[in-house]
Amino acid sequence: MKIEIPTPDDWHVHLRDDAMLDAVVGYTARRFRYAMVMPNLAAPITSSTDAAAYRDRIVAAAPADAPDFRPVMTLYCSPLVDLDDLRRGVAEGVVKAVKYYPAGATTNSEAGGASMSDFLDLFETLAELDVRLLVHAESTDPAIDIFDREAAFIERELIPVSDRLPELGITLEHVSTRAGVAFVDERSQAAATVTPHHLAQERSDLLADGMRPDLYCKPVINSADDRDALIAAATSGRADFFLGTDSAPHPTTAKYGPKAKAGVFNAAYGLEVVAEVFHQAGALENLAAFTSTNGASVYDVEASTNSVTLERTEIDADVATTFTTKAGDEVVLFGADVATRWRVTND
Ligand code: NCD
Ligand code: ZN
């Protein structure tokens, strides 16, 4: 089994900074062309100047053997975003999108919003500029069950905003539930990124046979029924679902403690995991749409003219299961088991 696809893009990735950036950027740069870089650094990226400086650090850290790597930058939706600066950043091609985080929902979201309705001016500006709003759709209401928080956020926050601004392009990031798929079904303004781990795992994998902190992320991996809805949407070839890995490295010291940090590092083998999901679904003919062409159309860029070949075969060589940064932090690679079944070569 062998398939050739245009070089994939990753429309949602956390590259971090400093020693972690140095350690992870090569995994993304060697596999993907565009990378939509999330702005949730310890000090959030809220201005076009911050975004340009961060892009420069990413480019400086990227390996020389990945010449077609194209990081594109996002601003963190916060009261600190100045609308004139946003317009300038977009006009100069520095800012590609804005990301909304509910305050407290996930890693480095403290600077996020209490309610989407507080940012209508910013969202109107995005609609006018034809720039997409990226949304982490997860309620922070402690009264809502953790597995119902995507649905609750969509109902309470996202639907009112999308009703009010039907011309605003919305990307529902790392969609994790059937309710999220239904939101995209119902609205032509909406699209969604899907992660390798939400496609390949369900919550019993996370919790049933020894709790696995390496699968813990936000939004949490949900039920098998939800995963099936994600697989159906992603593998269908439809234009509004595409790959955003949400690769989010955390040191094992932060994962294996009393309060595991949310985030799965999948930049290394996320493509293999996705290929395996499509293979199991009998839908490899739609892999390129999901990994390489749908997202490009949504973000108004041409799909890559370079290609990658994926071959399903046993790999004899050892597959790495961790890496260590120069600062001594160890990070676990998601998908190493699946990576033993796929050989990926850049053409
Ligand atoms: C992300 C991170 O670690 O920055 N974690 C995660 O579980 N997905 C943040 C995010 O995208 O929610
Ligand atoms: Zn993320």
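This chain uses plain numbering: 1 for the first residue, then up along the sequence. Remember, it's 1-based here, ligands and their atoms both numbered in the order they're listed.
For the pair Met38 and ligand 1, no heavy-atom separation below 4.0 Å is found. The closest approach between Glu173 and ligand 1 stays at or above 4.0 Å for every heavy atom of the residue. Look at Arg16 and you'll find a heavy atom under 4.0 Å from some atom of ligand 1. The shortest heavy-atom distance from Asn40 to ligand 1 is under 4.0 Å.
Under the 4.0 Å criterion applied to side-chain N and carboxylate O atoms, Arg187 and Asp163 are assigned as salt-bridge partners. Taking the charged nitrogens against the carboxylate oxygens, Glu272 and Arg31 do have a contact shorter than 4.0 Å, which makes a salt bridge.
Listed by number with element, the atoms of ligand 1 under 4.0 Å from a non-hydrogen atom of His12 are 11 (O).
Draw a line from the Zn ion (ligand 2) to OD1 of Asp246 and another to NE2 of His12, and the angle between them is 90° (to 10°).
Counting backbone and side-chain atoms alike, His136 contributes no N/O/S atom closer than 2.8 Å to the Zn ion (ligand 2).
Any N or O atom pair closer than 3.5 Å counts here, and Lys99 shares no such pair with ligand 1.
Checking each of Asn306, Asp10, Asp9 against Arg33 for a side chain to side chain donor-acceptor pair (under 3.5 Å) leaves exactly one that passes, namely Asp9. Applying side chain to side chain donor-acceptor pair (under 3.5 Å) to Arg57 and the options Asp17, Asp18, Asp22 leaves one that passes, Asp17.
With no hydrogens or angles considered, no side-chain donor-acceptor pair links Ser47 and Asp85 at under 3.5 Å.
Atom 11 (O) of ligand 1 has as its closest protein heavy atom His14 NE2, 3.0 Å.
Proximity of Lys261 to ligand 1, defined as any heavy-atom pair under 4.0 Å, is not found for any part of the residue.
The aromatic rings of Phe242 and Tyr299 sit perpendicular, their planes meeting at an angle over 60°, well past the 30° parallel limit.
The distance from the CG atom of Leu206 to the CD atom of Gln201 is 9.0 Å, given to the nearest 0.5 Å.
When the heavy atoms of Thr195, Val220, Thr106, Asp246 are ranked by distance to atom 9 (C) of ligand 1, first place goes to Thr106.
Because its NZ or CZ atom is both nearer than 6.0 Å to the ring centre of Phe147 and within 45° of the ring axis, Arg203 counts as a cation-pi partner of that residue.
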